[in-house]
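Take this structure first; my questions come after.
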2 protein chains.
Amino acid sequence: MTSSSVAMLARPATVSALTAPRVGSYCDHKEHCDSCSLRELCLPVGLERESIRLLDRIVPNRSRVKRRESLYRPGDAFGAVYAIRLGTFKTLMLAEDGREQITGCYMNGEIVGLDGIGDGRHTCGAVALEDSEVCALSFAQLCKLAHDIPALGRNLNRCISKDLCRGQHMMLLLGSMRAEERLVVFLLNLSGRYRARGYSGSEFVLRMTREEIASLLGLKLETVSRVFSRLHGEGLIQVQGRSIKLLDLPALQAMVSQGT
Amino acid sequence: MTSSSVAMLARPATVSALTAPRVGSYCDHKEHCDSCSLRELCLPVGLERESIRLLDRIVPNRSRVKRRESLYRPGDAFGAVYAIRLGTFKTLMLAEDGREQITGCYMNGEIVGLDGIGDGRHTCGAVALEDSEVCALSFAQLCKLAHDIPALGRNLNRCISKDLCRGQHMMLLLGSMRAEERLVVFLLNLSGRYRARGYSGSEFVLRMTREEIASLLGLKLETVSRVFSRLHGEGLIQVQGRSIKLLDLPALQAMVSQGT
DNA sequence: CGACTAGTTGAGGCCAGTCAATGTTGGTGG
DNA sequence: CCACCAACATTGACTGGCCTCAACTAGTCG
C-alpha cells in the first residue's frame, strides 16, 4: 500500500489528476538534499554528508501541488510523509457533521503527514495554499533508512514531537486567549518562521484568507477582520489585504506575554 | 543528562523528595512487562515474547507518584518517557503570563512525556490526578533498543503520532464546538477509554475537578457545572459530584455528530 | 462588463464569562 | 465520632466579547 501510493506520485500528472488529484504534477528536475537550501530545517539537519546522500536516494523527484489541491485527505491511507520544498499548506480536520477546522499552517522546510503514522490513516487533510512543491518520502523506506542512520531516526522522532508541541501551543491559544491575543500570537509565530527562513520577519504576505485564519484561531472571519482593523488603527500593524507589516514588534510581544 | 535523570528515579524517595519531588517514591516490587495487564495498550503491543523481555530489562522498578505531584514540569530537561501503570495524569502548559492550560488527560497504559523529544526539554508538565505509578523509560535506552527491535521503534513512532492526533482532535473541539458539545465529547472520550480498559464505559468517576475539566475544554468552571446540571436535567447523564453515569449514550453521540 | 470571491463595517443578539452567595464534600484533629 | 475547615461545586444575576446577519466595497477573471 505504501509503495502504490508512492508509485502514484511518480506517475505523470494527467492520470492521477483525472482520478484523484491528490498530487498535481511531477517535476522533471531533481534537486538533491545536499544542495537543498532547506537542508538545515528539514529532515537532513545535522546529518553527515554520506547519510544525506543515502536519504537523497529515497527522495523521488519533487511533486507539484497546485493551489487548493489536496496532498492527502482525512481518512486517506497513510504511506508517505511530505517535506515541503516550496509553498505553504494548511492541515484541516473534519468534524462528524462536516464542519472543517484548520489545525495548522506549514511552510517550506516543514514536514506534513506525520499524523498518519499512528494508525495508518491520515486524520487530517493537507491542502496547498499556493502553488507548491513537496518531496514525498515513502514512510516504509524512511523507516528502513532510519534503521541504518540512527541520526535520521532521531530527526524523524523530533519532527513528530515538535509537531506535537505545536499542537500544545495551539491548545493554549484556543483554550485561554482572547481574539486579539490569538491573532497577535499567530502573526508573531509567522514572523519568527519567516525570519528563520531568511525572509523579513516584519513584513510578509498572508497565505490564508480571513476565513482560514479564523478557523485556525477558533474565531469567525468578521472577528479576524475587525481585530486586524483595530490593530491597524492602533498603529501596531499595517494591513493591506493580505500584506502585513508589523510596525511595533515589542508592543505586540507585550500584548501576549502580559495578561490582557 | 539522560542517565542522571533516570538514576534519580532509582534512588530512594527521601532524597529526591527533599530536593525536587518530581517522582515521589520507589516501588520495591517489580512487575514485568510480559505479565503486565497493560501489555496490549502500552509500548509492548504486538511485540514478540523475546522482544518484550528485552524491553523489560530497561524498565526500572515502577515509581509511585502521589496526587498533585509533578512527574515533570514545563522546561525540565527531557530524559525519559513514562508509561502510566496505574492512575491518571493531566498535562499542562504555562502561558507566558503564568496562566495554566490543561492540554491532556492520560490514564493507565498511556505514555506521557513524548513532548520532550523535540528539543530536549518538556514543553508541558505532567501532574498526577490521583496516587499513581509509572514506569520511567530512559529515552536513550529506548532508542537504542528500538534499533534492535524495529517493531518497538514503530510502536514508539505510533505513540507520538497518536498523541499528535489527540491534539488535533482537541483543536477541533476547542476551535469549533460549543460548551455542551465539548463536555459531551469529553465524556464520550473517557467512556471509550474506560471501556477499552475493561471498566464500565457508562459509569465512572472523574479524576478532575470542575476547574480542571474547564481548563481542558477551554471553558470556565461555572460553565462546566451548569452544563453538567443541564444534561442531568435532560436525563442524559446522572451527576453526583465526580461520579458520572451516562444514561443515554446514543442521544449523547447524536449531540456531537449532528450540527447543533 | 457582470459574476464572483474576498474583505470591511455596522447593528443587534446570545453564549459563555464574571461576580457573588450559598451548598456540599472530604479530610483532620479534638 | 463528630465538629470544623477548606476545597470543591452549584446556582443566580448581570455583563461583555464574539457571533450572526446584512449591506457594501474592492479586486479578479472569464
Side-chain angles (χ1 to χ4, degrees), chain A residues 66-68 90 99-102 127 129-131 173-187 205-234 237-245 255 259-260, chain B residues 66-68 88 90 99-102 127 129-131 173-187 205-234 237-245 255-256 259-260:
Chain A
K66 290 233 267 304
R67 187 163 133 82
R68 284 177 220 273
K90 64 176 176 182
R99 270 177 297 192
E100 174 181 315
Q101 168 75 30
I102 295 182
V127 177
L129 292 172
E130 56 187 321
D131 293 353
L173 180 148
L174 292 168
S176 71
M177 293 185 181
R178 291 172 316 96
E180 194 174 83
E181 295 176 285
R182 297 186 194 192
L183 202 57
V184 171
V185 167
F186 170 70
L187 291 176
V205 174
L206 298 172
R207 298 321 209 217
M208 292 180 155
T209 66
R210 298 289 187 263
E211 184 163 22
E212 286 166 331
I213 296 169
S215 173
L216 179 65
L217 302 180
L219 303 168
K220 291 291 158 179
L221 71 98
E222 294 95 331
T223 304
V224 170
S225 183
R226 269 184 253 270
V227 174
F228 269 139
S229 299
R230 197 188 324 154
L231 294 174
H232 186 117
E234 289 167 358
I237 66 177
Q238 197 170 300
V239 192
Q240 178 68 256
R242 301 199 192 167
S243 305
I244 298 286
K245 203 183 281 189
M255 289 179 63
T260 305
Chain B
K66 290 233 265 301
R67 188 164 133 81
R68 286 176 217 274
T88 319
K90 64 176 176 183
R99 268 177 299 191
E100 173 181 316
Q101 167 77 28
I102 296 183
V127 177
L129 292 171
E130 57 186 321
D131 294 354
L173 180 148
L174 293 167
S176 72
M177 294 186 181
R178 291 171 317 98
E180 193 173 84
E181 295 176 286
R182 297 186 194 192
L183 203 56
V184 171
V185 167
F186 170 69
L187 291 176
V205 174
L206 297 172
R207 299 321 211 217
M208 292 180 155
T209 66
R210 298 290 187 265
E211 185 164 22
E212 287 167 331
I213 296 168
S215 173
L216 178 66
L217 302 180
L219 302 168
K220 292 290 159 180
L221 70 99
E222 295 95 330
T223 305
V224 170
S225 184
R226 267 185 254 271
V227 175
F228 269 140
S229 298
R230 196 189 324 151
L231 294 174
H232 186 118
E234 290 169 356
I237 67 175
Q238 196 171 299
V239 193
Q240 178 67 256
R242 301 200 193 167
S243 304
I244 298 286
K245 203 183 279 187
M255 288 179 65
V256 297
T260 305

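Letters A, B, ... mirror the listed sequences (proteins, then strands); counts begin at 1.
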Q: Among dC18(D), dG17(C), dA16(C), find the nucleotide with the atom closest to the side chain of R178(A).
A: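 Looking only at side-chain atoms, R178(A) lies closest to dC18(D).
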Q. Roughly how many Å is it from NZ in K220(B) to C1' in dT10(D), rounded to a whole number?
A.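 Between C1' of dT10(D) and NZ of K220(B): 18 Å.
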Q.
Base of dC18(D), side chain of E222(A) - is there a donor-acceptor contact under 3.5 Å?
A.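 Not at all, since no donor on one side and acceptor on the other fall under 3.5 Å apart.
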Q. Can you tell me how far P of dA6(C) sits from CD1 of I244(A), to the nearest Å?
A.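 One finds 17 Å between P of dA6(C) and CD1 of I244(A), rounded.
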Q | Neighbours of DNA chain D within residues 223-234 of chain A, by heavy-atom distance under 4.0 Å | A |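 Only T223(A), R226(A) qualify.
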Q.
Counting only side-chain nitrogens and oxygens, does Q240(B) get under 4.0 Å of the OP1 or OP2 atom of dT24(C)?
A.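 No, Q240(B) has no side-chain N/O under 4.0 Å of OP1/OP2 on dT24(C).
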Q. Does R99(A) come within less than 4.0 Å of E181(B), counting only side-chain N to carboxylate O?
A.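 A salt bridge is present here (some side-chain N lies under 4.0 Å from a carboxylate O).
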Q) In Å and rounded to the nearest 0.5 Å, what is the OG to CD1 distance from S225(B) to I213(B)? A)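 Result: 10.0 Å between the selected atoms.
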Q) Should the heavy atoms of other residues, nucleotides or ligands under 6.0 Å from CD of E211(A) be counted, would the total exceed 12? A)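 No, not enclosed.
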Q. Could you give the CD-to-P distance, from E212(A) to dA6(C), as a whole number of Å?
A.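 For the pair E212(A) CD and dA6(C) P, the rounded distance is 8 Å.
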Q) What integer distance in Å separates I213(A):CD1 from dG7(C):C1'? A)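 Taking atom C1' of dG7(C) as the reference, CD1 of I213(A) is at 11 Å.
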Q: Say whether, by atom type as modelled, one donor and one acceptor occur between the side chain of D131(B) and the main chain of R67(B) under 3.5 angstrom.
A: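 Side chain of D131(B) to backbone of R67(B): a pair is present.
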Q: Output the distance between atom CZ (R210(A)) and atom CZ (R226(A)), rounded to the nearest 0.5 Å.
A: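 If we round to the nearest 0.5 Å, R210(A):CZ and R226(A):CZ are 13.0 Å apart.
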Q | Nearest-angstrom distance from the residue atom CE of M177(A) to P of dG17(D) | A |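 One finds 18 Å between P of dG17(D) and CE of M177(A), rounded.
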**Q.** Interatomic spacing from CG in L183(B) to OG1 in T223(B) - rounded to 0.5 Å
**A.**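 Those atoms lie 10.0 Å apart.
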Q) Over how many whole Å does the gap from R210(B) atom CZ to dA9(D) atom P extend? A)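 Rounded to whole Å, this separation is 5 Å.
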Q) dT8(C), dT10(D), dC8(D): which one has an atom nearest the side-chain heavy atoms of R242(B)? A)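 Per side-chain heavy atoms of R242(B), the pick is dC8(D).
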Q. For M208(B) and dA7(D), what is the distance between atoms CE and P respectively, to the nearest whole Å?
A.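 Between P of dA7(D) and CE of M208(B): 20 Å.
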Q | Separation of atom CG in L183(A) from atom C1' in dC18(D), rounded to whole Å | A |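 Interatomic distance, CG of L183(A) to C1' of dC18(D): 14 Å.
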(Q) Between T88(B) (side chain only) and L129(B) (backbone N and O only), is there a donor and an acceptor less than 3.5 Å apart? (A)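 Side chain of T88(B) to backbone of L129(B): no pair is present.
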Q) Is L221(A) touching bases, backbone alone, or none of the nucleic acid, heavy atoms closer than 4.0 Å? A)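 The residue L221(A) makes base contact.
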